[in-house]
Visitor: 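Below is a structure I'd like to ask you about.
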Amino acid sequence: MSICLNFGVSEETFGHAYLRFDDTNPIKESEEYVSAIKRDVYWLGFDWKERLTHASDYFDQLYSAAVTLIEGGLAYVDSLNADEIREYRGTLTKPGRNSPHRDRSIEENLDLFERMRKGEFADGEYLLRAKIDMSSPNINLRDPVLYRIRHIVHQRTGDIWNIYPMYDFAHTMSDAFEGITHSLCTLEFEDHRPLYNWFLDQLKPPHLPRQIEFSRLNLAYAITSKRKLNALVEEGIVEGWDDPRMPTIAGMRRRGYPAIALRDFVKRAGVTKKNKLIEMGVLENCVRESLGDESERRMAVLRPLKVVLTNYPDDKVEMMEAMNHPNCPEMGTREIPFSKNLWIERDDFMEDAPRKFFRLKPGGEVRLRFGYIIRCDDVIKNDVGEVVELHCSYDLDTRSGTGSSDRKVKGTIHWVSCRHAVDATVRLYDRLFTEVNPNLAEDFRAVLNTRSLEIVSAKLEPSLVKLKPETAVQFERLGYFCIDNKEHSANTCVINRIVTLRDSWAKLEKQAMQQQSKI
RNA sequence: UGGGGCGUAGCCAAGCGGUAAGGCAUCGGGUUUUGAUCCCGUGUACCGCAGGUUCGAAUCCUGCCGCCCCAGCCA
């Protein structure tokens, strides 16, 4: 989301964004991670053109800048160990103390730093620190570490360096080297800004960048912490970083959220300094909005119930013409086979239906979308009283589009011909957590939504087999669905539900339930 | 209890001394062979609270309250 913000903001206001990887810590970085980010940014529709950089591109310049600081008496080589450093730093309320090595001569510092670079010392033996103020109320100014020794092969610079710069130093100076005007980052770096400016004040580079902070975007019922997201993957709670329930770019992509919707969402959330927790509804609205116009309509039955048209000829098959988009005739039509035995949605039949239920009920009539009006004559049940089949009769005069009958019925339902149906595995996703802000939970595992994934065996209209992975369609009356980009194949259809349609009936039902529970 | 931030409707968010935009959600209504879409309409917001300055304050001042961040040789 930060990617989106940086590129989005730059696109609208300043013009150009850099995609820089701050690869200052060789034990944490990997090329795999870099290419994943690049892939995500590109997919979102942003183009960094030639502005793809790495902090490691500037290691030489960074080293020179560090030498300049030493020469100016503004940095020194320390030989305290990690525990001592922490102890000397003081606490939030107590000032720190100067390191006993703080007053080494410039010559000695220069010599030691040079030898650190050459690899004469072991990891942790020496450290380059800025000489600022150990009693500063801002802990970042208490002689922050500039360089540490790391005898590790760096993925880009190999083994030529034995010392690596810290983020604050590298980031500030890289911004300056690149001529960055606005360096955008998140709120937690506000305390680092005085240090950022200190580097600029002391080193006086020709270009002076400015750091500007904004708040993170938090999504309701989701976590964004990389550590926790990683735990979800490691512990097998989700299937990977691209699990469609993950709030990662890869996850949302696989889920079927269009890039444009994500960008729109970030834009609507705005850029401020307020900690925000945005409702899912905003994201879903963006997704529905972009998919509503773009995606073609299809019919699919998620939880099939068989319907037999008793008065329809056994072997007859009619091809029904269906619009690919009700509001855009230019998107064309397709033909859907219709026959005696059909699948309809279980939810579209109710034996004891309330007054306002205008789908199928015993003795009731309903229109089959793009087909005929049918009436439910018989309800067939099994031994335990479950409805297994409906016997209906169709009205020959009501064929869709013929106009030979003005007869109107209140409800229209979708269907798929049994003989022609294509089987598919459809995965229905829901929020991963049961708490609005799972970040607040002592253990996020305790607030996991155990029903975040439901897998159903669905019946699809035949035209769906032609679709390629990552294409999104609307299953009429159900929602938007996306062909899975990983597990779908010609033989096995695997489809993800992106988001449901708005459903005012479901809302009514819910309200009715709540009314009942009150009584 | 050191420092840095933030508080405008359920969720976001404009506004920056002249009498509270907009989006999402909600709730009504209309169109509809998707209970979708679309179209109309719908909010008494003590502008965190309390004082003060002013003809006039969400905007300026003071005090208070609440929430977030910071003690990596991580980024």
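This one's a predicted model, so the numbers in the text were calculated from it and none came from an experiment.
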Visitor: Looking only at the aromatic ring of each residue, does the gap between the centers of Y221(A) and F433(A) stay below 6.0 angstrom?
Guide: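 Distance test on ring centres: not under 6.0 Å, no.
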Visitor: P326(A) near the nucleic acid: base, sugar-phosphate alone, or nothing, with a heavy-atom cut-off under 4.0 Å?
Guide: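 The residue P326(A) makes base contact.
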Visitor: If each of N140(A) and S504(A) is mapped to the nucleotide of RNA chain B with the nearest heavy atom, which maps nearer the 5' terminus, i.e. the 5' end?
Guide: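 Nearest nucleotide further toward 5': that of S504(A).
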Visitor: N25(A) has a side chain; which of rC73(B), rC74(B), rC69(B) sits nearest to it?
Guide: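 Of the options given, the side chain of N25(A) lies nearest rC74(B).
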Visitor: From the set rA71(B), rU33(B), rC74(B), return the single nucleotide nearest to any side-chain atom of R148(A).
Guide: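 Nucleotide nearest to R148(A)'s side chain: rC74(B).
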Visitor: Quantified in whole Å, what is the P atom distance between nucleotide rA57(B) and nucleotide rG66(B)?
Guide: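 Straight-line distance between the two P atoms is 28 Å.
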Visitor: Over all strands shown, is D168(A) touching base, sugar-phosphate only, or nothing at heavy-atom distances under 4.0 angstrom?
Guide: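 The residue D168(A) makes no contact with any strand.
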Visitor: Heavy atoms under 4.0 Å, any strand shown: does H192(A) hit a base, just sugar-phosphate, or nothing?
Guide: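 The residue H192(A) makes base contact.
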Visitor: Considering every strand and a 4.0 Å limit on heavy-atom distances, what is the contact class for E213(A): base, sugar-phosphate, or nothing?
Guide: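 No contact at all - E213(A) keeps every heavy atom at 4.0 Å or more from the nucleic acid.
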Visitor: Counting side-chain heavy atoms from CB outward, which of rA25(B), rG2(B), rG35(B) is closest to R359(A)?
Guide: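 Nucleotide nearest to R359(A)'s side chain: rG35(B).
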Visitor: With a 6.0 Å cut-off on ring centres, are F338(A) and W415(A) close enough?
Guide: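 Between W415(A) and F338(A), which both carry aromatic rings, the centre distance is below 6.0 Å.
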Visitor: Using atom C1' in both nucleotides, what's the gap between rG51(B) and rC68(B) to the nearest angstrom?
Guide: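 Between the two C1' atoms, the distance is 27 Å.
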Visitor: For M299(A), answer base if it contacts any base atom (sugar-phosphate contacts may also be present), sugar-phosphate if it contacts only those atoms, and nothing otherwise; contact means non-hydrogen atoms under 4.0 Å.
Guide: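 If one applies the 4.0 Å heavy-atom cut-off, M299(A) turns out to touch nothing in the nucleic acid.
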Visitor: Run the ring-centre check on Y33(A) versus F21(A) and record whether the distance is less than 6.0 Å.
Guide: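 When the ring centroids of Y33(A) and F21(A) are compared, they turn out to be at least 6.0 Å apart.
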Visitor: Please confirm whether F475(A) and Y480(A) have ring centers closer than 6.0 angstrom.
Guide: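 Not under 6.0 Å, so no.
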Visitor: Nearest of rC73(B), rU34(B), rG5(B) to any side-chain atom of R477(A)?
Guide: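 Nearest nucleotide to the side chain: rU34(B).
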Visitor: Across the strands shown, which category fits F475(A) at heavy-atom distances under 4.0 angstrom: base, sugar-phosphate, nothing?
Guide: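 Result for F475(A) = nothing.
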Visitor: Find the distance between CD1 (I27(A)) and OH (Y164(A)) and round it off to the nearest 0.5 Å.
Guide: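 So the gap between those two atoms works out to 11.0 Å.
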Visitor: Taking the chi torsion of rG7(B), is it syn (within 90° of 0) or anti (everything else)?
Guide: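 You should classify rG7(B) as anti.
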Visitor: Would you give the length of the straight line joining atom CD of E351(A) to atom CG of L390(A), rounded to the nearest 0.5 angstrom?
Guide: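 Answer rounded to 0.5 Å: 9.0 Å.
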Visitor: Using the side-chain heavy atoms of A82(A), tell me which of these nucleotides is nearest: rC73(B), rA36(B), rU34(B).
Guide: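 Selected nucleotide (nearest to the side chain): rC73(B).
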Visitor: OP1, OP2 of rU33(B) versus side-chain N and O of K408(A): anything below 4.0 Å?
Guide: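 True: K408(A) side-chain N/O within range (under 4.0 Å) of rU33(B) OP1/OP2.
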Visitor: Stacking between W505(A) and the base of rG35(B) (centre distance under 5.5 Å, interplanar angle under 30°)?
Guide: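 Ring-base stacking flag set for W505(A) and rG35(B).
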Visitor: Starting the side chain at C-beta, find the nucleotide from rG4(B), rA36(B), rG3(B) nearest to E190(A).
Guide: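 Closest nucleotide among those given: rG4(B).
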Visitor: Taking only N and O in the side chain of R227(A), is any of them less than 4.0 Å away from OP1 or OP2 of rA75(B)?
Guide: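 No.
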Visitor: Hey, does the side chain of R288(A) come within less than 4.0 Å of rA36(B)'s phosphate (OP1/OP2), counting only N and O?
Guide: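 For R288(A), the contact criterion (side-chain N or O under 4.0 Å from OP1 or OP2 of rA36(B)) is not met.
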Visitor: State whether K507(A) places a side-chain N or O below 4.0 Å from either non-bridging phosphate oxygen (OP1 or OP2) of rU26(B).
Guide: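 Result: yes.
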Visitor: Decide yes or no for E296(A) and M331(A): does some side-chain heavy atom of the first lie under 4.5 Å from some side-chain heavy atom of the second?
Guide: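 They are in side-chain contact.
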Visitor: Which one, rC69(B), rG35(B), rC24(B), comes nearest to the side chain of D191(A)?
Guide: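 That would be rC69(B).
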Visitor: With a non-hydrogen cut-off below 4.0 angstrom, is L146(A) in contact with a base, only sugar-phosphate, or nothing?
Guide: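 Result for L146(A) = nothing.
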Visitor: When the C1' atoms of rA45(B) and rA13(B) are considered, how many whole Å apart are they?
Guide: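 Each nucleotide's C1' atom is 14 Å from the other's.
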Visitor: Measure from the side-chain heavy atoms of T91(A) and tell me the nearest of rU33(B), rA71(B), rG72(B).
Guide: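 Within the option list, the nearest is rA71(B).
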Visitor: Less than 3.5 Å between a donor and an acceptor, one on the side chain of S400(A) and one on the base of rU33(B), is that the case here?
Guide: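 Present.
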Visitor: Please determine if R129(A) forms a cation-pi arrangement with Y76(A), meaning its NZ or CZ atom is less than 6.0 Å from the six-membered ring centre and no more than 45° off the ring axis.
Guide: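 Judged by the rule, R129(A) and Y76(A) form no cation-pi pair.
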Visitor: Pick out the pairs of N or O atoms, protein on one side and nucleotides 7-14 of chain B on the other, that lie under 3.5 Å.
Guide:
{"from": "rU8(B)", "atom 1": "OP2", "to": "K274(A)", "atom 2": "NZ", "distance (Å)": "2.5"}
{"from": "rG10(B)", "atom 1": "N2", "to": "E279(A)", "atom 2": "OE1", "distance (Å)": "3.0"}
{"from": "rC11(B)", "atom 1": "O4'", "to": "E279(A)", "atom 2": "OE2", "distance (Å)": "2.9"}
{"from": "rC11(B)", "atom 1": "O3'", "to": "L277(A)", "atom 2": "O", "distance (Å)": "3.1"}
{"from": "rC11(B)", "atom 1": "O2'", "to": "L277(A)", "atom 2": "O", "distance (Å)": "3.1"}
{"from": "rC11(B)", "atom 1": "O2'", "to": "E279(A)", "atom 2": "N", "distance (Å)": "3.4"}
{"from": "rC12(B)", "atom 1": "OP1", "to": "L277(A)", "atom 2": "N", "distance (Å)": "3.0"}
{"from": "rC12(B)", "atom 1": "OP1", "to": "L277(A)", "atom 2": "O", "distance (Å)": "3.4"}
{"from": "rC12(B)", "atom 1": "O2'", "to": "A269(A)", "atom 2": "O", "distance (Å)": "2.9"}
{"from": "rA13(B)", "atom 1": "OP1", "to": "T272(A)", "atom 2": "OG1", "distance (Å)": "2.5"}
{"from": "rA13(B)", "atom 1": "OP1", "to": "K276(A)", "atom 2": "NZ", "distance (Å)": "2.9"}
{"from": "rA13(B)", "atom 1": "OP2", "to": "K274(A)", "atom 2": "NZ", "distance (Å)": "3.4"}

Visitor: Please report the shortest heavy-atom distance between R142(A) and P137(A), naming the atom on each side.
Guide: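 Heavy atoms only, the tightest pair is NH1-CA, 4.2 Å.
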Visitor: When you check the phosphate oxygens OP1 and OP2 of rA75(B), does a side-chain N or O of T24(A) lie under 4.0 Å from one of them?
Guide: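 For T24(A), the contact criterion (side-chain N or O under 4.0 Å from OP1 or OP2 of rA75(B)) is met.
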Visitor: Can you list the stems that RNA chain B is part of, where a stem is at least 3 pairs in a row, each Watson-Crick or G-U, with both distances below 3.5 Å?
Guide: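 If one scans RNA chain B for consecutive Watson-Crick or G-U pairs, the stems found are B:2-7 with B:65-70, B:10-12 with B:22-24, B:27-30 with B:38-41, B:48-52 with B:60-64.
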Visitor: For the side chain of F357(A), counting heavy atoms from C-beta on, which of rG35(B), rC73(B), rG3(B) is nearest?
Guide: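 Output: rG35(B).
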Visitor: With heavy atoms under 4.0 Å as the rule, sort R297(A) into base, sugar-phosphate or nothing.
Guide: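 Counting heavy atoms under 4.0 Å across all strands, the contact made by R297(A) includes a base.
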Visitor: With sugar-phosphate meaning primed atoms plus P, OP1 and OP2, does G292(A) contact a base, only sugar-phosphate, or nothing at under 4.0 Å between heavy atoms?
Guide: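 It contacts nothing in the nucleic acid.
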Visitor: Between Y167(A) and H192(A), is the ring centre distance below 6.0 Å?
Guide: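 Judged by ring-centre distance (under 6.0 Å), Y167(A) and H192(A) do not meet the cut-off.
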Visitor: Looking at rC73(B), I'd like to know if its phosphate oxygens (OP1 or OP2) sit under 4.0 Å from a side-chain N or O belonging to R89(A).
Guide: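 Answer is yes, contact under 4.0 Å.
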Visitor: Measuring from the side chain of K28(A) (C-beta onward, heavy atoms only), which nucleotide among rC73(B), rG2(B), rC74(B) has the closest atom?
Guide: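 The closest nucleotide is rC74(B).
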Visitor: For the residue pair Y63(A) and F113(A), categorise the inter-ring angle as parallel (less than 30°), tilted (30 to 60°) or perpendicular (more than 60°).
Guide: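 The arrangement is parallel - the two ring planes meet at less than 30°.
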Visitor: Anything under 3.5 Å between a protein N or O and an N or O of nucleotides 39-43 of chain B, put it in a table, one pair a line.
Guide:
none

Visitor: Scan R193(A), R210(A), H171(A), E178(A) and name whichever one has a side-chain contact (heavy atoms from CB on, under 4.5 Å) with S183(A).
Guide: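 With S183(A) as partner, R193(A), R210(A), H171(A), E178(A) yield a single side-chain contact (heavy atoms from CB on, under 4.5 Å), made by H171(A).
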